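Everything below concerns the one structure shown next.
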Amino acid sequence: MTLAHRGASGYAPEHTIEAYKIANKMGADYIEIDLGMTRDGVLVAMHDDNVDRTTNGKGLVRSYNVYELKSLDAGSWFNKKYPEKARESFVGMEVPTLDEIFLEFGDTVNYYIETKQPEENPGMEKKLIALLEKHHLLEGDLSKGKVVIQSFSKQSLLEINRLYPDLPLIQLYWFESTPTFSDETLNEIKEYAVGIGLNHNVLTNQLVESFKERGVLLHLYTVDDRNEFKKLRAWGVNGIFTNVSDIEEM
């Protein structure tokens with residue numbers, strides 16, 4: 001599976017409606033949404049815990065109410081950083097709320113959602129489930145993966161599992177070197193999650209095979225090199241995050 005990392009973030013400002021639209025047009029299997037939460041408890045698409053990098057504002061996401069956050073320019077930074085990909089239409093783009101994303105795409109795309117900084121954003125999981133229910137995204141066979149939730153926070157995933165046990169969950173990790181997972185650890189993870197997300201640069205073919213043997217899905221982040229993408233796919237990993245959603249056509 002091709003997982004659009006923050007949308008088609010290699011072509012448009014990350015976590016904007018336009019980035020998601022481009023990813024969808026390019027045929028990505030999922031659009032990824034990182035969740036932040038405003039001071040007034042609204043879930044928004046934002047990777048960092050602050051707005052400094054991807055808007056013209058300063059400070060923590062949770063220090064803004066939703067109206068203040070949406071008044072920020074979430075597109076001009078992209079034009080400055082990537083002048084060869086700049087578009088005038090990116091200027092003044094808004095930070096979208098999760099509700100707005102669901103309104104825009106409905107059930108026409110698959111969603112891969114990450115809870116970010118859940119310890120600093122209490123109640124995020126409950127609000128996420130409520131919005132998924134509001135937009136009828138928890139109907140049908142959830143095991144097919146219309147919605148997948150990932151997090152580095154085990155506690156956040158356990159809370160989602162408690163609230164809605166049928167949702168497929170992915171436990172995220174980041175390692176400096178190739179990890180080993182004991183049967184005990186994997187069995188513990190399998191009690192609440194269907195798989196694991198890893199940084200791709202620590203992977204070996206042997207590790208991929210060990211996950212296959214143990215029935216654990218493996219999703220990798222973030223691969224923008226086509227040859228690396230093809231190699232990992234040949235190894236049989238289940239999903240790969242990329243900033244360039246057309247990576248298979250490059």
Side-chain angles (χ1 to χ4, degrees), residues 2-26 28 30-105 109 111-118 120-121 124 128 150-152 172 174 197 199-201 221-226 229 240-247 250:
T2 301
L3 312 172
H5 189 237
R6 309 178 195 177
S9 54
Y11 299 104
E14 66 182 62
H15 290 319
T16 59
I17 295 292
E18 184 63 18
Y20 300 137
K21 284 182 176 179
I22 293 172
N24 191 33
K25 287 177 184 175
M26 287 180 171
Y30 283 81
I31 59 171
E32 184 205 23
I33 304 166
D34 291 310
L35 286 187
M37 194 160 78
T38 61
R39 187 176 74 237
D40 47 343
V42 177
L43 296 181
V44 296
M46 179 76 70
H47 176 271
D48 301 354
D49 65 350
N50 63 74
V51 303
D52 300 37
R53 181 175 62 85
T54 56
T55 77
N56 61 337
K58 298 287 184 185
L60 294 172
V61 175
R62 60 182 177 274
S63 70
Y64 288 79
N65 68 38
V66 68
Y67 303 104
E68 293 165 343
L69 190 69
K70 292 187 73 63
S71 72
L72 300 178
D73 180 342
S76 291
W77 70 272
F78 184 89
N79 288 352
K80 293 172 186 174
K81 187 170 182 178
Y82 305 105
E84 72 283 3
K85 299 176 183 177
R87 293 189 199 173
E88 192 172 332
S89 60
F90 293 160
V91 176
M93 282 189 164
E94 293 184 358
V95 175
T97 68
L98 184 61
D99 193 41
E100 288 170 338
I101 296 167
F102 288 163
L103 281 170
E104 178 70 36
F105 296 101
V109 302
Y111 300 97
Y112 206 121
I113 302 171
E114 180 176 349
T115 58
K116 305 285 289 187
Q117 296 89 39
E120 285 77 39
N121 295 300
M124 172 180 277
L128 169 57
Q150 67 175 352
S151 187
F152 284 97
L172 282 172
W174 188 89
N199 47 309
H200 76 95
N201 56 308
Y221 60 92
T222 304
V223 182
D224 291 342
D225 179 81
R226 186 170 182 265
F229 190 94
I240 307 173
F241 283 96
T242 181
N243 296 310
V244 284
S245 302
D246 59 348
I247 191 167
M250 292 169 65

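Computed from a prediction, not measured in an experiment: that's the story for all the values here.
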Is a donor on one side and an acceptor on the other found under 3.5 Å between the side chain of [X] and the backbone of [Y]?
| X | Y | answer |
| --- | --- | --- |
| Thr115 | Ser151 | no |
| Asp73 | Gly92 | yes |
| Lys70 | Val95 | yes |
| Asn65 | Tyr67 | yes |
| Glu114 | Gln150 | no |
| Arg62 | Met37 | no |
| Asp246 | Met26 | no |

Looking at every non-hydrogen atom in both residues, tell me the closest pair between [X] and [Y] and how far apart they are.
| X | Y | value |
| --- | --- | --- |
| Ala4 | Ala23 | CB-CB, 3.5 Å |
| Ala12 | Ala19 | CB-CA, 3.9 Å |
| Leu72 | Gly57 | CD2-CA, 3.9 Å |
| Leu43 | Leu128 | CD1-N, 3.6 Å |

Distance in Å, [X] [atom1] paired with [Y] [atom2], rounded so as to fall on 0.5 Å steps:
| X | Y | atom1 | atom2 | value |
| --- | --- | --- | --- | --- |
| Arg87 | Phe78 | CZ | CZ | 8.5 Å |
| Lys116 | Asp48 | NZ | CG | 7.5 Å |
| Arg39 | Leu69 | CZ | CG | 10.5 Å |
| Lys80 | Asn56 | NZ | CG | 8.0 Å |
| Ile240 | Ile247 | CD1 | CD1 | 7.5 Å |
| Tyr20 | Glu14 | OH | CD | 8.5 Å |

Within-4.5 Å side-chain heavy-atom neighbours: [X] and [Y]:
| X | Y | answer |
| --- | --- | --- |
| Val109 | Tyr30 | no |
| Val61 | Asp49 | no |
| Thr55 | Met46 | yes |
| Tyr111 | Ile101 | yes |
| Trp174 | Tyr221 | yes |

Which residue is it: Thr2, Asp225, Asp224? I am looking for the one with a side-chain hydrogen bond (donor to acceptor under 3.5 Å, both in side chains) to Thr242.
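When side-chain hydrogen bond (donor to acceptor under 3.5 Å, both in side chains) is applied between Thr242 and each of Thr2, Asp225, Asp224, only Asp224 qualifies.
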
Result for side-chain hydrogen bond (donor to acceptor under 3.5 Å, both in side chains) between Asp34 and one of His5, Gln117, His15, His47 points to His15

Applying side-chain hydrogen bond (donor to acceptor under 3.5 Å, both in side chains), run through Thr38 and Asp40 and close with a yes or a no.
CA-CA 5 Å; Thr38 61; Asp40 47 343; 2.6 Å; yes

Walk me through it: do Phe241 and Tyr112 pass the test ring-ring contact (aromatic ring centres under 6.0 Å, His included)?
CA-CA 10 Å; Phe241 283 96; Tyr112 206 121; 4.9 Å; yes

Using a 6.0 Å cut-off, check whether atom NZ of Lys85 has over 12 heavy atoms from anything other than its own residue.
yes

